[in-house]
Number of protein chains: 2
Amino acid sequence: MADNTQVKNANGRGGDKPTTMADIARIAGVSTATVSRALANPAVVTAETREKIDRAVADADYRVNTLARNLRKMETRTILVIVPDIANPFFSDIFRGIEEVAHENGFVAVIGNTEVDPEREAAYANMARERRADGLLLLDGKLPAWASGASALGGVPFVMACEYVDGPDICLVRTDNYDAAKLAVAHLAELGHRRIAHIAGPLDRSISQDRMRGYHDGLAEAGLDDDPALIFEGDFGLDSGTAAIPTLMLGKPTAIFTSNDEMAMGAIQGLRAMGLGVPEDVSVVGFDDIRFAGAYNPPLTTVAQPRYEIGRLATEMLMQLLSGHELGQRQRVLNSSLVIRESSAPPAKAGG
Amino acid sequence: MADNTQVKNANGRGGDKPTTMADIARIAGVSTATVSRALANPAVVTAETREKIDRAVADADYRVNTLARNLRKMETRTILVIVPDIANPFFSDIFRGIEEVAHENGFVAVIGNTEVDPEREAAYANMARERRADGLLLLDGKLPAWASGASALGGVPFVMACEYVDGPDICLVRTDNYDAAKLAVAHLAELGHRRIAHIAGPLDRSISQDRMRGYHDGLAEAGLDDDPALIFEGDFGLDSGTAAIPTLMLGKPTAIFTSNDEMAMGAIQGLRAMGLGVPEDVSVVGFDDIRFAGAYNPPLTTVAQPRYEIGRLATEMLMQLLSGHELGQRQRVLNSSLVIRESSAPPAKAGG
DNA sequence: TTACGCGATGCAATCGATTACATATTGCCT
DNA sequence: AGGCAATATGTAATCGATTGCATCGCGTAA
């Protein structure tokens with residue numbers, strides 16, 4: 001019961017010294033240089049030598065010490081993904097795409113969860129400067145003072161995804177939020193809605209702004225009212241969707257377009273609380289098509305973004321940056337599409 | 001347009017050599033040892049020296065090279081969190097707890113997303129052996145051949161959370177799945193249900209087994225039928241909940257207890273598809289109380305686990321292991337509670 | 001046979017921070 | 001004044017893998 005932490009084995013941290021490359025070299029009767037080469041590129045050594053080394057490695061259960069390798073090569077093969085809220089399913093899907101490409105390239109993806117806290121954002125930004133990561137993937141729009149003009153942040157290559165700041169040199173993968181929002185509004189207008197409300201995300205974020213612009217222009221193109229009383233600024237959280245309802249319903253909308261699915265669900269809760277049904281009394285269209293959108297009651301009409309693809313593409317771009325290759329395009333805009341389910345329907349009393 | 005990757009600054013990767021501690025030492029007119037000490041523990045140097053060093057550091061925008069430090073100290077201050085599916089909100093909440101404690105201790109938490117793929121599991125396990133991480137946090141139950149007996153995995157300290165394998169030396173934080181499942185069944189029995197079905201998780205996972213046992217014993221304690229036709233093995237995914245319904249409803253249950261919330265939602269979809277309402281026709285109780293459970297329609301009755309706390313506790317335990325401290329307890333079992341919402345109600349025709 | 005070339009291997013420097021040990025400086029006590 | 005302790009700093013070894021350069025040996029062509 002006293003020794004509570006460790007088992008001992010050839011490469012353990014607990015007991016005797018771990019096996020090093022020098023040990024393998026000694027056992028195999030060659031130099032460390034040969035061991036290193038044999039491990040990195042088996043083709044450059046004799047079959048005989050390779051065999052001796054392989055056996056020694058297996059016998060001693062040797063693992064390379066990444067710490068030493070990293071120092072020598074001055075790289076970590078790690079990328080840092082800065083995200084505002086990992087619990088948000090929107091981000092976790094993107095992350096899967098990121099992680100996959102990273103893996104394919106022998107990289108590891110680390111998550112830096114900022115909770116939109118500037119202090120933590122700064123801490124993570126520093127991580128890269130301190131060489132704990134080779135590059136950065138920013139899924140977080142509020143890049144505080146970082147907004148330099150080029151795709152390197154204090155010397156650290158980075159790629160932005162979804163959220164962005166302007167700058168021609170910035171590497172960026174995003175979706176056509178503006179067009180998608182117009183699409184959503186057009187869908188509601190087509191159904192016959194004339195008073196369409198909007199629950200926006202925080203307006204200091206580029207995606208919220210873009211979606212808002214799409215909303216306005218969508219309204220204009222359909223020749224509908226653009227009433228300031230029909231706009232509410234939420235925070236992308238479920239509760240803010242609910243909180244929006246009492247105020248918003250004063251303006252008598254028959255449909256609501258929300259800037260993400262969580263707020264859509266919140267809004268539906270708020271409507272339920274007022275005894276209003278979706279879509280019978282009010283239609284709701286969300287944004288993101290998160291994992292639960294289709295399984296919601298009613299299944300959510302929403303804008304689907306190619307999340308996985310965003311993650312993959314952004315990471316591939318970063319890999320290019322890191323390898324010093326020329327980039328084909330620095331900015332990629334992916335298409336979203338409207339997924340029509342059951343939360344949207346024609347208004348109860350046919351809107352003129 | 002040609003130079004597409006780098007800006008140059010004092011510590012950049014792009015241009016000239018980055019600033020090292022030796023540079024700072026030269027500028028400040030002291031030795032690297034003094035710089036190192038001044039940075040690690042300002043109290044041990046003269047105010048004067050400290051000032052010179054601070055100025056040099058600020059002027060040159062120096063950042064410590066973590067790679068070198070790691071090698072010398074033979075640690076990474078990184079823990080690897082192995083999880084089966086990061087997109088699952090259950091895990092992302094735990095991760096927030098983990099990340100927070102890690103941060104408090106100057107550690108970084110890396111996610112290893114296995115997708116229950118043995119190959120990836122092995123890859124991540126190796127990461128630790130290769131010293132890319134100081135310790136492991138296993139949120140994944142299917143620990144393949146790893147099931148050694150002690151809290152070190154090939155020499156790497158680890159703590160398990162939620163899922164577990166047996167062994168007195170294993171460090172573990174989990175919840176009382178068995179009791180909680182009994183609680184859920186008791187709740188349904190109290191409402192008057194006599195035929196209660198169960199959608200289980202994969203039965204090779206300890207939590208699924210525990211919840212299943214709780215279900216059986218809960219049934220027994222309430223003196224209810226325990227009909228094999230009322231049991232379905234799902235995979236924790238939404239779709240498997242839906243898929244369970246046609247089969248399960250053959251047994252005419254009036255209530256369903258599911259082993260997680262996703263399957264509960266899936267089940268509700270399946271019931272809807274058959275024209276059945278929840279809770280009017282069938283009651284549903286889930287497990288986990290994920291972020292969207294309360295905002296679902298109907299709001300889900302479910303078992304709430306202290307996710308954040310699980311993450312914190314497990315990480316604190318790991319920190320103890322890493323610092324070589326004695327552990328107070330190696331196993332902690334946290335309490336879950338039943339959150340009663342609207343997806344459960346008395347059966348339509350009073351069950352006699 | 002000599003020389004050249006190439007493939008395989010070894011030697012030793014290197015990456016940059018940390019730290020044990022040595023040295024130097026100051027002050028204090030008797 | 002002499003000696004000891006405490007404090008501040010410097011010197012140099014160290015962590016372990018990688019890699020430029022040197023070397024060795026063997027085969028082949030002139």
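Chain identifiers are assigned alphabetically (A, B, ...) following the order of the sequence lines, protein sequences preceding nucleic acid strands; residue numbering begins at 1 within each chain.
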Measure the distance from [atom1] on [X] to [atom2] on [N] and round it to the nearest whole Å.
X      : N      : atom1 : atom2 : value
A:R132 : C:dA17 : CZ    : P     : 15 Å
A:E48  : D:dC26 : CD    : P     : 13 Å
A:L39  : D:dT18 : CG    : P     : 8 Å
A:L71  : C:dA17 : CG    : C1'   : 9 Å
B:N70  : C:dA17 : CG    : C1'   : 10 Å
B:R26  : C:dG16 : CZ    : P     : 12 Å
B:R72  : C:dT18 : CZ    : P     : 9 Å
B:D23  : C:dG16 : CG    : P     : 9 Å

Respond yes when some side-chain nitrogen or oxygen of [X] is under 4.0 Å from OP1 or OP2 of [N], and no when none is.
X     : N      : value
B:T20 : C:dC15 : no
A:T46 : C:dA8  : no
A:S36 : D:dT18 : yes
B:Y62 : C:dG16 : no

> Would you say the side chain of B:R37 and the base of D:dG10 hold a donor-acceptor pair, judged only by whether the two atoms sit under 3.5 Å apart?
Replying inline: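 Check passes, donor-acceptor contact within cut-off.
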> Can a donor-acceptor pair under 3.5 Å be found between the side-chain atoms of A:R69 and the base atoms of D:dT18?
Replying inline: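 Per atom types, no contact qualifies.
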Kindly point out which of [options] is positioned nearest to the side chain of [X]?
X     : options                : answer
B:A68 : C:dG16, D:dA17, C:dT18 : C:dG16
B:V64 : D:dT18, C:dA17, D:dG16 : C:dA17
B:M21 : C:dG10, D:dG10, C:dA17 : C:dA17
B:T32 : C:dT18, D:dT18, D:dA17 : C:dT18
B:K73 : C:dT19, C:dC15, C:dA17 : C:dT19
A:S31 : D:dT14, C:dC11, D:dT18 : C:dC11

> Under 3.5 Å, is there a donor-acceptor pair between the side chain of B:R50 and the main chain of B:P42?
Replying inline: yes
> Under the 3.5 angstrom rule, does the side chain of A:R132 hit a backbone N or O of B:T76 as a donor-acceptor pair?
Replying inline: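 Judged by distance alone, yes, a pair lies under 3.5 Å.
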> Would A:R96 and B:N113 count as having a side-chain donor-acceptor pair, cut-off 3.5 Å?
Replying inline: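 Note: A:R96 and B:N113 side chains miss the donor-acceptor criterion.
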> CD of B:Q329: more than 12 outside heavy atoms within 6.0 angstrom?
Replying inline: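 More than 12 heavy atoms, drawn from other residues, nucleotides or ligands, come within 6.0 Å of this atom.
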>> Which residue is it: A:V101, A:L322, A:V108? I am looking for the one with a side chain to side chain contact (heavy atoms under 4.5 Å, CB included) to A:I79.
In response: A:L322
>> Please give me the minimum heavy-atom distance between B:A87 and A:D93, naming the atom from each residue.
In response: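 That closest heavy-atom pairing would be CB-OD1, 3.6 Å.
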> Of B:V45 and B:M74, whose closest DNA chain D nucleotide lies nearer the 5' terminus?
Replying inline: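 Nearer the 5' end of the strand: B:V45.
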> A:V35 near the nucleic acid: base, sugar-phosphate alone, or nothing, with a heavy-atom cut-off under 4.0 Å?
Replying inline: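 If one applies the 4.0 Å heavy-atom cut-off, A:V35 turns out to touch nothing in the nucleic acid.
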